[in-house]
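Chain letters run A, B, ... following the sequence lines, proteins first, then strands; residues in each count from 1.
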Amino acid sequence: MTTTEGRRSKRTEILEARPVNLDGFVEEWPEKGLVAMESDFDPTPSVRVEDGRIVELDGRARADFDFMDTFIADHALDVETAEEVNAIPSIEIARMLVDPRATRDEVIAVGRGLTPAKILDVVKLMNVVEIMMAMQKMRARRTPANQAHSTSAKDNPIQVAADAAEGALRGFAELETTLGVVRYAPLVAIALQVGGQVGRGGVLTQCALEEATELELGMRGITAYAETISVYGTESVFVDGDDTPWSKTFLAGAYASRGIKMRFTSGTGSEVQMGNAEGRSMLYLEIRCILMAKGAGVQGLQNGSISCIGVPGAVPGGIRAVAAENLIASWMDLECASGNDQSFSHSSMRRVSRALPQLLPGTDFVCSGYSGVPNADNMFAGSNFDVEDYDDWNTIQRDLQVDGGLRHVREPEILQVREKAARALQAVFAELDLPPITDAEVEAAVYAHGSGDYPDRDVLEDLKGAQAVMDRGVTGLDLVKALERTGFHEVAENLLTVLRQRVSGDLLQTSAILTDDFVPLSAINDANDYGGPGSGYRLEGERWEQLKKLRHVTSAENPETEVS
Amino acid sequence: MTTAPDLGPGDYPLSVNRQDLLRTPTGKPLSALTMDAVVAGEITAEDLRISAETLQLQAALAESVHRRQLAQNFRRAAELTAVPDAEVLAMYNALRPRASSREALISIAENLESKYHATVCGALVREAAEVYERRDLLAREED
Amino acid sequence: MTAPAAERSLTLEEVGQAQRGSRPDEVVIAVSPAFADPFTKTIVEVPHAEVIRQILAGIEEQGVHARMIKVWDTADLAAVAHIGARLSGSGISVGLLSRGTTMIHQRDLPRLSNLELFPQSPLLDAEVFRLIGSNAAQYAKGESPAPVPTRNDQMARPRWQAKAALLHLKEYECIVAGRRPVEVEPVISRLS
């Protein structure tokens with residue numbers, strides 16, 4: 001090592017200053033679970049069935065099962081096929097996953113009986129390209145989609161509404177919000193609901209809060225779905241999070257009983273981050289989460305490390321493990337909202353490479369939280385992508401001919417929906433006797449980028465208004481009436497249509513979203529039929545023409561102008 | 001109680017293909033939920049909920065595409081439509097670690113089974129009681 | 001963030017088993033198993049001596065008494081803080097993990113709740129710790145101070161999350177299961 005007195009290489013200085021060197025990297029510590037997926041401390045696959053019950057799972061006898069083992073053995077695995085499928089050589093199963101000629105149904109049938117360690121054994125044989133190839137076939141819904149965050153550093157409802165409208169216009173199928181100050185939730189959730197119905201019809205909205213409050217907002221029809229219902233891979237960490245597989249299963253049923261779509265959330269790295277991975281690798285524990293979710297009967301899972309992405313991101317092969325966890329969720333026939341939703345790197349190159357395993361094959365939601373506001377306003381502590389990346393994202397779609405769920409939209413259209421959203425919210429607030437939204441705030445919303453571009457609101461008055469919303473029992477139906485009475489017929493109709501879906505329960509099925517025409521689209525009526533080249537979802541036709549458009553494209557007809 | 005008809009993937013979405021089978025918990029057809037009706041005050045929040053029967057239909061659809069756990073979730077949900085919001089939340093909280101004694105959990109199961117005929121939910125709660133006892137997750141004396 | 005004027009060391013001298021306090025004008029500072037030994041600074045290298053010095057100063061400025069305990073059988077911040085709160089005469093505590101994550105807790109709140117939470121340890125500097133001490137003391141006096149303002153840094157996660165996980169694992173190894181909390185006397189001495 002040269003001394004500190006010596007001359008420094010100019011190149012080294014430049015490289016030291018690169019953004020990637022601000023990211024955190026650590027050495028593996030397999031004994032503690034600080035390892036992505038290749039660990040000698042993960043169990044050897046095994047399963048034994050007696051009298052229709054699993055009595056041994058991955059080297060543990062039933063008498064020694066913790067509650068995760070018990071739940072997985074009794075609810076997730078298909079007892080009838082378990083011994084048979086676990087005996088299939090892992091290499092054969094891995095090849096089935098990759099080979100387009102093995103159908104999704106065939107691969108799922110095998111997967112239904114596999115133990116966590118066996119599943120890990122299979123995916124360890126796959127490199128990231130093979131994982132992506134499998135993902136193409138295994139995602140549940142044929143058509144990929146995308147989800148965005150719409151939040152505000154000041155919990156400003158107008159900002160949330162305007163950005164929700166723009167996000168919906170650009171193509172997001174789901175929108176998510178959360179708060180800095182929890183008591184603001186009712187107003188912000190209303191703003192998301194209203195704004196989300198302006199950009200295009202059929203967008204589903206959620207507000208991430210603690211469990212009971214989130215369920216209550218859903219029950220009232222102020223939100224349409226829930227996602228941040230966390231599950232963990234070890235018993236100890238699950239208990240630290242104050243839940244069990246049984247309480248979470250009950251909660252899942254509670255949501256469905258109110259006609260509200262929901263999914264669980266899990267992700268590699270959460271257990272080691274909370275201090276107790278019980279010596280298992282991150283992916284092994286995530287597989288337990290996936291199977292727990294399967295056993296609970298939820299339709300889907302948000303995973304891909306999520307808020308713990310800095311942990312797999314710091315160890316070798318971590319992003320490969322993240323790609324694998326998305327694949328496994330899809331293989332277990334769950335909807336997968338595949339991460340890319342949390343800040344994870346200072347390097348733009350790394351931010352993109354992390355997302356390619358989901359973007360290129362397509363997942364049910366390529367991002368489970370693209371920031372539809374500038375990252376400084378992102379109250380999920382920052383996303384992997386934000387509004388400033390829109391043009392890059394659209395360009396990458398066009399470069400590679402892949403559908404990442406978004407499209408370029410011209411400014412006049414964007415400004416129009418932003419204004420409409422702000423006006424609609426202004427009208428709703430006035431109708432519901434909430435603190436007024438001024439014309440100056442509406443004007444600001446049209447042209448704003450971040451929360452600093454809006455006039456400050458009287459927060460104390462807003463909080464009183466938010467409390468009033470809860471005390472008075474304001475529901476989604478009240479929002480419909482308010483919009484209708486104030487002349488926002490289209491927005492009112494859109495919202496009523498979304499609420500009406502609760503009655504049918506069509507949005508409860510796997511990977512369900514609504515099209516622009518409010519038709520439920522799910523893994524049932526839009527089943528993924530990928531079977532090799534020339535099959536499955538292809539970016540072509542009208543949709544491809546849409547995605548060819550960017551901000552500046554020179555016209556072929558008249559090269560002195562741009563395509564309008 | 002009528003049995004669920006034989007549903008297959010072709011029936012989905014029910015809101016488009018089988019409106020004839022859908023009713024709100026208050027007995028209205030989907031077609032009654034119009035903006036005019038809303039404006040006239042004929043629609044309440046109770047009309048915008050899902051009924052137990054509809055959840056059984058969705059369970060049948062899930063079974064038809066081999067999603068048995070999802071179907072079971074819908075059956076639990078069908079049972080829970082009868083339980084008021086506050087009670088659902090209370091039951092959820094009671095199922096959290098060290099929140100309840102064994103007796104309290106069994107009592108919840110019995111309540112679900114006898115008062116609400118929620119046998120699938122009742123079984124889930126009984127199972128929880130058994131596992132929690134084994135894993136030391138019941139309420140302790142000093143809690 | 002300025003460097004401390006002088007290097008200081010912190011030793012926590014054990015006084016005996018921690019008892020429930022009777023005086024209503026005290027704040028309990030509850031630290032995690034590895035605090036001050038073997039760890040001596042936070043994730044961004046604020047010395048533990050400085051952390052404690054600032055919290056004590058903040059409490060003292062409000063005319064409130066401070067008492068310190070070390071919790072041995074858990075490294076979970078909420079649990080550490082809540083144990084402190086239950087032992088505190090005022091019911092108010094400041095809980096600390098070695099890497100700097102901090103919480104102000106109150107004995108009647110549920111364990112997973114809190115009065116104020118400072119989850120991003122890399123963003124906590126000496127000044128913030130002083131304000132935390134001051135706020136805790138104000139809560140102890142029955143007042144309702146405005147929450148301590150903290151920065152929100154979207155890049156904290158990419159930079160620090162893995163190191164924080166590693167530090168947490170090390171702290172976890174220092175847990176002594178079943179050992180009851182110990183009252184400690186903080187001895188801060190200059191090294192220079």
Query raised in the report: Given side chains that start at C-beta, do those of B:Leu33 and A:Leu496 come closer than 4.5 Å, heavy atoms only?
Result: no

Query raised in the report: Just checking heavy atoms, which of residues 235-245 of chain A are less than 4.5 Å from chain B?
Result: A:Glu235, A:Val239, A:Asp242, A:Asp243, A:Thr244

Report task. Go through B:Asp85 and A:Glu216 one step at a time and tell me if the side chain to side chain contact (heavy atoms under 4.5 Å, CB included) criterion holds. Result -> CA-CA 8 Å; B:Asp85 292 354; A:Glu216 197 187 338; over 6 Å; no

Query - Side chain B:Arg135, main chain A:Phe65, donor-acceptor under 3.5 Å - result: yes

Requested in this report: Would you confirm whether B:Gln69, through its side chain, and A:His75, through its main-chain N or O, come within 3.5 Å as a donor-acceptor pair?
Outcome: yes

Query raised in the report: Just by distance, do the side chain of A:Gln299 and the backbone of B:Leu70 share a donor-acceptor pair under 3.5 Å?
Result: no

Query raised in the report: For the residue pair B:Leu89 and A:Leu215, what are the closest heavy atoms and their distance?
Result: CD2-CD2, 3.4 Å

Query raised in the report: Which pair of non-hydrogen atoms, one from B:Leu61 and one from A:Gln509, has the smallest distance, and what is that distance?
Result: CB-NE2, 3.6 Å

Query raised in the report: Within a strict 4.5 Å, meaning less than it, do heavy atoms of the A:Thr70 and B:Arg134 side chains meet?
Result: yes

Requested in this report: Heavy atoms only: give me the nearest B:Leu80-A:Ser257 pair and the separation to one decimal.
Outcome: CB-CB, 3.7 Å

**Report entry** Heavy-atom pair of closest approach, residues B:Glu127 and A:Trp246
**Finding:** OE2-NE1, 2.8 Å

Report task. Under the side chain to side chain donor-acceptor pair (under 3.5 Å) rule, collect the residues that match up with A:Ser504, sequence neighbours excluded. Result -> A:Gln501, A:Asp506

Requested in this report: Please report the shortest heavy-atom distance between B:Leu95 and A:Ser247, naming the atom on each side.
Outcome: O-CB, 3.5 Å

